[in-house]
Undergrad: 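Can you keep this structure in mind? I'll have questions shortly.
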Amino acid sequence: MACNFISVLSKLRKLSMESVENTASFDDFKKYLHVLRPVEEELRSLLNRVNAANKKTLILLCGSAGDGKSHLLSYLRNADSAHLLDGFELYNDATESSAPLLTSIDTLAEKLAPFNDDNCHSDDGFKMILAINLGTLNNFIESEKGAAFSALKKYVEANEIFSAFVRPNEYQESSVFQHVSFSDYQVFTLKEDGVGTEYLEELLSKVFRPDDANPFYKAYMENTGCTLCQKCPVRHNFEFMSSTEHQKAIIKKIIEVVIKDKAFVSTREVLNLLYDILVHPEFAYNSMCKAATSETKYLTKYIQCTTPMLMYELDDISPLLNAIRKHDLYIKS
């Protein structure tokens with residue numbers, strides 16, 4: 001028997017179809033999960049400057065896999081009332097399909113032809129945003145095809161886009177190239193009085209807040225007719241994580257990983273973590289019903305499925321969960 005509550009929760013997983021963005025559409029679920037971030041504010045500011053100048057422009061939206069580039073472009077294209085992307089061609093190197101006989105480098109060179117050395121200085125008003133991972137960008141400008149984009153390479157190097165250090169990024173009036181990098185932003189901010197966790201708090205609240213507009217809470221409430229309802233570990237885990245105190249504890253663990261491991265944790269990894277601490281990878285309604293014939297067997301199975309056990313007793317569920325466990329083991333030892 002399929003459980004609709006778990007089906008809705010599974011949308012949090014990295015492997016879920018919901019994690020694959022399409023800039024041509026933006027459904028209500030993704031709109032609900034959208035949270036304003038500083039990187040979005042920077043991109044909005046840049047788009048306003050580019051639109052005001054109305055000159056030929058290539059905006060590089062750089063970062064890592066799963067950090068939210070595609071989500072942000074999809075949101076701005078389909079769900080934002082400001083229509084800042086009107087007049088822009090969008091190209092997402094991670095999701096757009098290539099011609100069958102072309103490599104990804106060939107396809108990128110073809111798509112960016114208006115901005116190669118022969119064409120980039122002819123101001124025809126063409127505007128494009130390229131969402132691209134930093135590794136792919138580096139491979140492209142260093143490739144044989146990239147030799148025709150020396151001006152782009154010069155811009156990337158001059159602005160130290162591949163640098164681990166964050167540097168001020170402002171609109172460059174004399175340049176055909178502009179950029180915003182997700183790598184300049186973590187899922188938290190550093191303030192004079194400590195760490196700012198507003199983004200993570202809002203993201204977790206989106207999943208657990210008791211609100212009819214919340215699809216996760218709605219599925220939880222509609223699940224009350226299940227025969228396992230009163231003793232379902234997934235429901236109890238959801239209730240456990242609905243506590244803002246427990247959400248803040250998870251946020252603290254995520255920040256610890258970022259700081260101690262000098263890691264970049266993406267939004268997709270955070271959402272995937274929530275699923276991993278709510279649903280045991282082998283959880284199944286039928287097996288739980290079968291175990292329920294014995295109180296001892298059910299209790300054993302139930303305990304294995306609780307959030308504390310999912311966080312600290314299962315191996316290799318996800319890299320983020322492994323990193324959280326590693327730091328807790330250091331403390332214990």
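Residue indices begin at 1 and follow the sequence shown. We use all heavy atoms of the structure for the numbers below, so side chains are in, but hydrogens, waters and symmetry mates are not.
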Undergrad: Would you say that L278 contacts M241 through its side chain, given a criterion of any heavy-atom pair below 4.5 Å between the two side chains?
TA: yes
Undergrad: Do we see a donor-acceptor contact under 3.5 Å between the side chains of Y199 and T267?
TA: yes
Undergrad: Would you say N54 and K127 are linked by a side-chain donor-acceptor pair, where the criterion is simply a distance under 3.5 Å?
TA: yes
Undergrad: Quick one, D316 with N322, criterion side-chain hydrogen bond (donor to acceptor under 3.5 Å, both in side chains). Give me CA distance, side-chain angles, the key distance, then yes/no.
TA: CA-CA 6 Å; D316 296 324; N322 287 346; 3.1 Å; yes
Undergrad: So for atom NZ, which belongs to K218, do other residues, nucleotides or ligands contribute more than 12 heavy atoms lying within a distance under 6.0 Å?
TA: no
Undergrad: Quick one: does R44's side chain get under 4.5 Å of D80's, heavy atoms only?
TA: yes
Undergrad: Would you mind reporting whether E198 and F188 have side-chain heavy atoms less than 4.5 Å apart?
TA: no
Undergrad: Does a donor on one side chain sit under 3.5 Å from an acceptor on the other, for N48 and N51?
TA: no
Undergrad: Could you walk me through whether E256 and K326 pass the salt bridge (charged side-chain N to carboxylate O under 4.0 Å, His left out) check?
TA: CA-CA 11 Å; E256 183 180 19; K326 177 185 70 175; over 6 Å; no
Undergrad: Among L228, V234, T227, find the residue that satisfies the side chain to side chain contact (heavy atoms under 4.5 Å, CB included) test when tested with M288.
TA: L228
Undergrad: Are the side chains of R268 and H71 in touch, meaning some heavy atoms are under 4.5 Å apart?
TA: no
Undergrad: Please confirm whether the ring centroid of Y217 lies under 6.0 Å from the ring centroid of F238.
TA: no
Undergrad: Does any N or O in the side chain of S287 come within less than 3.5 Å of the main-chain N or O of A284, such that one atom is a donor and the other an acceptor?
TA: yes
Undergrad: Would you call R209 and E202 a salt bridge, using N to O less than 4.0 angstrom?
TA: yes
Undergrad: Relative to Y312, does R325 satisfy both conditions: NZ or CZ under 6.0 angstrom from the six-membered ring centre, and within 45 degrees of the ring's axis?
TA: no
Undergrad: Any side-chain donor-acceptor pair under 3.5 Å between Y75 and E40?
TA: no
Undergrad: Is any side-chain heavy atom of Y285 less than 4.5 Å from a side-chain heavy atom of C3?
TA: no
Undergrad: Do the non-hydrogen side-chain atoms of F115 and K56 ever get within less than 4.5 Å of each other?
TA: yes
Undergrad: If only side-chain N and O atoms count, and only distance matters, is there a donor-acceptor pair under 3.5 Å linking N133 with K69?
TA: yes
Undergrad: Would you say the side chain of S64 lies within less than 4.5 Å of the side chain of F182, judging by non-hydrogen atoms?
TA: no
Undergrad: Are side-chain heavy atoms of D86 and F88 found at a separation under 4.5 Å?
TA: no
Undergrad: Does either side chain, that of N169 or that of N159, offer a donor lying less than 3.5 Å from an acceptor on the other one?
TA: no
Undergrad: Look at the aromatic rings of H236 and Y302 and report parallel, tilted or perpendicular, splitting at 30° and 60°.
TA: perpendicular
Undergrad: Show the numbers, then the answer: is there a side-chain contact (heavy atoms from CB on, under 4.5 Å) between L310 and L321?
TA: CA-CA 9 Å; L310 293 174; L321 199 47; 5.8 Å; no
Undergrad: Using a 3.5 Å distance criterion without hydrogens, assess whether the side chain of N119 forms a donor-acceptor pair with backbone atoms of N116.
TA: no
Undergrad: Can any side-chain N or O of T107 pair as donor or acceptor with the backbone N or O of T103 at less than 3.5 Å?
TA: yes
Undergrad: Can a salt bridge be assigned to the pair E142 and K153 using a cut-off of 4.0 Å between side-chain N and carboxylate O?
TA: yes
Undergrad: Is E89 salt-bridged to K111, going by a charged N under 4.0 Å from an acidic O?
TA: yes
Undergrad: Applying ring pair (Phe, Tyr, Trp, His ring centres under 6.0 Å), which residue pairs with at least one partner in residues 143-175 are found, sequence neighbours left out?
TA: F140-F149, Y155-F177, Y155-H179
Undergrad: For S318 and E269: C-alpha separation, side-chain torsions, deciding distance, then whether side-chain contact (heavy atoms from CB on, under 4.5 Å) applies.
TA: CA-CA 9 Å; S318 74; E269 288 173 311; over 6 Å; no
